[in-house]
Every structure is written in C-alpha cells, then in structure tokens.
Amino acid sequence: MKRALITGVTGQDGLYLAELLLEKGYEVYGLVRGQNNPKIPMLRRILPDVHILTGDILDLSSLMRAFAASRPDEVYNLGAISYVAYSWENARLTTDVTGGGVLNILEATRLYRDSSGTEPRFYQASSSEMFGKVQETPQRESTLLWPRSPYGVAKVYGHYMTINYRESYDLHASSGILFNHESPRRGPEFVTRKVSTAVARIALGLQDSVALGNLDAKRDWGFAGDYVEAMWLMLQQDKADDYVISTGETHTIRELLDVAFGAVGIDDWSSRVKVDERFMRPAEVDLLIGDSSKAHEVLGWKPRVSFEELVTMMVESDLVEQKARIDGRNRDGH
Ligand code: NAP
Ligand code: G4F
C-alpha cells in the first residue's frame with residue numbers, strides 16, 4: 001500500500017486528491033494547520049479514512065514530524081494562500097506561505113529522503129497566475145513568466161525552487177502549472193462559486209443581484225476532479241518534470257454569467273449584475289489559455305468535463321445547498 005502526504009488537504013484540490021488516492025488504495029495523511037481548525041469536522045465527515053496530522057508549511061519542524069509519522073512515498077504540496085485578491089492586502093504573509101512554505105517542504109522532503117533511504121516523490125501546485133501579463137498565447141511550459149500579483153510572484157519562487165531541488169539534489173520533484181479549476185467545493189471567494197451561489201439564491205428569491213469586478217477577464221476553467229488526476233499521473237512517471245494542465249478553451253466572466261444564469265432560465269442578466277470597483281484588482285491578468293499538449297502526450301491526460309457542464313454542475317449544487325438551508329430554517333421555525 002502506497003502512502004501519501006497532502007498539505008492543503010482541507011482545500012478544494014486536497015479533498016478531491018485525497019478521495020482519488022483513497023480510491024486507488026493509498027494510505028492518505030493530510031496536514032491540517034491551526035488550533036481547532038473548523039474544517040476538521042468537514043474533513044472527518046467527507047473523508048473519514050484520511051489520517052489527520054497537525055502542522056504548518058511555515059514550520060519546518062512540524063513538517064519533519066509529519067514526514068516521520070506518515071513515511072510518504074508521495075508528497076503533494078497544495079497548501080497555500082490561494083486567493084489572488086487577498087495577496088495584495090497581505091503580501092508579506094502570502095510570500096511567506098505560498099513562496100517560503102515551498103522551500104520548507106522541499107527541505108523536509110530532502111531531509112526525510114536522506115535519513116530514511118527512501119525516494120519520496122514531490123508535487124508542487126504551481127499556477128497559471130505565474131504567466132500574468134502573458135508573453136505568448138496559448139501559454140505552455142516554456143512561456144516566459146510575468147506574474148502580476150504578490151501571489152503570482154510567490155508561486156514563481158516556489159516553481160523555480162522545485163526545479164532547483166530537482167536539479168541540485170536529484171529529488172523527484174514535479175510541478176503542475178494548473179490553470180483555473182473549479183467545482184462545487186470551490187471556496188466562495190472565487191468568481192465561479194460566487195456566481196453559482198448568487199445565481200442559485202436569485203433563482204430562489206433570496207437575493208436580487210450580485211456585485212462583481214472585471215467582467216472582461218478571460219480564464220481557462222476546468223473541473224478540479226479532472227485536474228487532481230494529472231497531479232497523480234505526474235508522480236507516476238520515471239522522470240520528474242513540469243506540465244501545463246488546462247482545457248485549451250478560454251471564456252470571459254460574461255460568458256460564465258451567460259451559462260450560470262441560463263441554467264436557471266434567466267437569459268438577460270443585465271439587471272442582476274452590478275459592477276463594483278471594490279472587486280477590481282490593482283493589476284489584472286487579462287487572458288489565460290493553456291496548451292496542455294505535453295500532459296496529453298506524456299501523461300495521457302485530457303480534461304473530461306466541459307465549461308458548460310462545470311458551470312451547470314456548480315449552479316445545480318448550490319441550488320440544492322441553498323434549498324437545504326431554507327428547509328433547515330423552516331424546520332427551526334425561523
Ligand atoms: P484552497 O481551496 O484555497 O486550499 C488551500 C489549502 O492550503 C487549504 O487547505 C488551507 O488550509 C491550506 N493552507 C493555507 N495556509 C497554510 C499553511 N500555512 N500551512 C499549511 N496549509 C495551509 O486552494 P485550492 O484551490 O485547493 O488549490 C490548491 C493549490 O493549488 C494551492 O496551492 C493553489 O495556490 C494552487 N492552485 C490552484 C488553482 C485553482 O484554480 N484552484 C490553480 C493553480 C494552482 P485551511 O483550510 O486551514 O485554510
Ligand atoms: O476566481 P478568481 O478569484 O481566480 P484567479 O484570480 O484567476 O485565481 C485562481 O486561479 C489561479 C490559476 O490561474 C490560481 F492560482 C489561484 O489560486 C486561484 O485559484 O478570479 C478570476 C477572474 C479575475 O480576472 C477577477 O478579476 O475573475 C475576475 N473577477 C471579476 N469579479 C472576480 C470578481 N474575481 C473574484 N474573486 N470576485 C469577483 O467579484
């Protein structure tokens with residue numbers, strides 16, 4: 001039975017990846033940070049077979065203890081401050097966690113390898129946000145990086161540190177340059193989930209409209225469940241490498257709104273969406289579209305869920321969630 005250690009196991013990708021690895025028969029260890037983290041009950045409920053370890057990617061000694069407890073064959077570093085807008089307001093913290101945390105876990109992996117005599121394989125969650133002010137379209141592994149946010153800069157540091165550990169210490173360290181991927185488990189701060197929740201609430205008469213920022217930005221959106229398979233495939237290769245993971249399609253926020261409102265029968269959403277300066281960014285990433293042909297050729301990976309299917313899945317899930325809240329409130333007599 002293989003053993004895997006996942007940082008960021010309480011996040012969207014951590015949950016899908018842990019689920020996938022458990023299905024494949026892995027023993028899965030998840031690193032959870034903080035005192036009495038409120039996401040622990042959710043993790044225990046959804047994935048009771050995950051072994052929970054406490055630790056923080058800012059704290060090297062906690063990582064070394066996690067390695068000693070889990071003795072991993074595969075390490076997936078998904079832990080990060082991942083919300084781009086937040087990274088301008090908390091640039092130092094984002095740099096430390098999203099950038100510096102990668103160095104800590106690479107170092108813990110190397111120290112564990114050298115002391116145990118085993119060869120753990122390492123995955124780093126790199127991001128299309130590193131392409132920022134894109135220098136080539138579509139973006140591929142060789143495209144010059146030009147990050148546009150403190151988050152993007154921190155991810156570039158983690159990306160190159162991963163390559164450096166591969167080249168300096170011969171660590172089996174791979175980096176997935178993942179384009180935006182979404183699901184019903186996406187955090188409510190990200191635009192797809194913000195829209196799917198608002199559309200469900202509007203359809204149920206719980207709110208009138210939603211306030212958004214830049215409606216013209218373009219993103220290459222895929223389904224998180226498809227993307228965690230690519231992470232696993234990278235660690236099954238003899239040689240570690242870097243891979244772009246994307247759908248190869250791009251859509252504006254307006255197109256996202258078309259599909260989401262369309263799913264509840266609203267064709268004209270113009271009166272339902274307010275553009276609000278508060279959600280504009282100091283520097284925007286205008287266009288992302290990835291070329292994942294290397295992942296297709298080497299890993300045999302392809303996305304399965306289309307943009308329309310993804311957005312509809314999210315709206316339908318939020319309709320169920322919002323209706324359950326109404327039912328719960330009615331039961332409680334509110
Ligand atoms: P997410 O839902 O925001 O999850 C982030 C995870 O990191 C959470 O489990 C969080 O723990 C954990 N974390 C935060 N600070 C930590 C710390 N100091 N020590 C240990 N863990 C910490 O993000 P996601 O969408 O699943 O993304 C997973 C990874 O892929 C992230 O590194 C993200 O930057 C990267 N990525 C995501 C996308 C995307 O479109 N989703 C695209 C490219 C790359 P709490 O739950 O306790 O806060
Ligand atoms: O959903 P977003 O916040 O995702 P963003 O910034 O692209 O970052 C996500 O994808 C990255 C991969 O490229 C990951 F590395 C990162 O961790 C994260 O998962 O915003 C998407 C777009 C932006 O252009 C933003 O300006 O939507 C635009 N937008 C317009 N109105 C909005 C809003 N974004 C948010 N979050 N909220 C709005 O009201």
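Start at 1 and go down the list; that is how both ligands and their atoms are numbered.
- Close contacts of ligand 1 with Thr10, meaning ligand atoms under 4.0 Å from a residue heavy atom, involve 8 (C), 9 (O), 11 (O), 45 (P), 46 (O), 47 (O).
- If you check each of Asp276, Thr252, Asn180 against atom 4 (O) of ligand 2, the one with the closest non-hydrogen atom is Asn180.
- For Val32, no heavy-atom contact with ligand 1 is shorter than 4.0 Å.
- The Asn180 neighbourhood of ligand 1 comprises atoms 40 (O), with distances under 4.0 Å to a heavy atom of that residue.
- Tyr227 and Trp301 have their aromatic ring centers within a separation under 6.0 angstrom.
- Distances below 4.0 Å separate heavy atoms of Ala125 from the following atoms of ligand 1: 29 (C), 30 (O), 32 (O), 35 (C).
- At under 3.5 Å, a nitrogen or oxygen of Glu284, whether backbone or side chain, sits near a nitrogen or oxygen of ligand 2.
- Proximity to Gln12 (heavy-atom distance under 4.0 Å) selects the following atoms of ligand 1: 2 (O), 25 (O), 26 (O), 41 (N).
- Within ligand 1, the atoms closer than 4.0 Å to a non-hydrogen atom of Lys39 are 45 (P), 46 (O), 48 (O), numbered from 1 in the order shown.
- Minimum interatomic distance between Arg185 and Glu19 (heavy atoms only, all atoms of both residues): NH2-OE2, 3.0 Å.
- The aromatic ring centroids of Tyr76 and Tyr29 lie 6.0 Å or more from each other.
- Atom numbering of ligand 1 starts at 1 in the shown order; those under 4.0 Å from a heavy atom of Ile57 are 17 (C), 18 (N), 19 (N), 20 (C).
- Among all non-hydrogen protein atoms, the one lying nearest atom 26 (O) of ligand 1 is Asp13 N, 2.8 Å.
- No more than 12 heavy atoms of other residues, nucleotides or ligands shown are found within 6.0 angstrom of CD on Glu277.
- Compare Trp221, Phe190, Tyr151 by their heavy atoms: the one nearest to atom 14 (C) of ligand 2 is in Tyr151.
- The closest heavy-atom contact to atom 19 (O) of ligand 2, among the options Glu129, Arg186, Glu182, comes from Arg186.
- Under 4.0 angstrom from ligand 1, the non-hydrogen atoms of Arg33 all belong to its side chain.
- Proximity of Tyr151 to ligand 1, defined as any heavy-atom pair under 4.0 Å, is confined to the side chain (atoms from C-beta onward).
- An N or O contact shorter than 3.5 Å links Val191 to ligand 2 by distance.
- Taking every heavy atom of Leu288 and a limit of under 4.0 angstrom, the matching atoms of ligand 2 come to 13 (O).
- Remark: among candidates Arg219, Gln12, Arg278, the nearest residue to atom 23 (C) of ligand 2 is Arg219, based on non-hydrogen atoms.
- Any N or O atom pair closer than 3.5 Å counts here, and Leu78 shares at least one such pair with ligand 1.
- Under 4.0 Å from ligand 1, the heavy atoms of Ser126 that appear belong solely to its backbone.
- For atom 8 (O) of ligand 2, the candidate residues are Ile177, Asp220, Val84; the nearest heavy-atom contact is made by Val84.
- Heavy-atom neighbours of Lys194 NZ from other residues, nucleotides or ligands within 6.0 Å: above the threshold of 12.
- Annotation for ligand 2: atoms under 4.0 Å from non-hydrogen atoms of Ser127 are 11 (C), 12 (C), 13 (O), 14 (C), 15 (F).
- Atoms of ligand 2 found under 4.0 Å from any heavy atom of Ser128, numbered from 1 in the order shown, are 12 (C), 13 (O).
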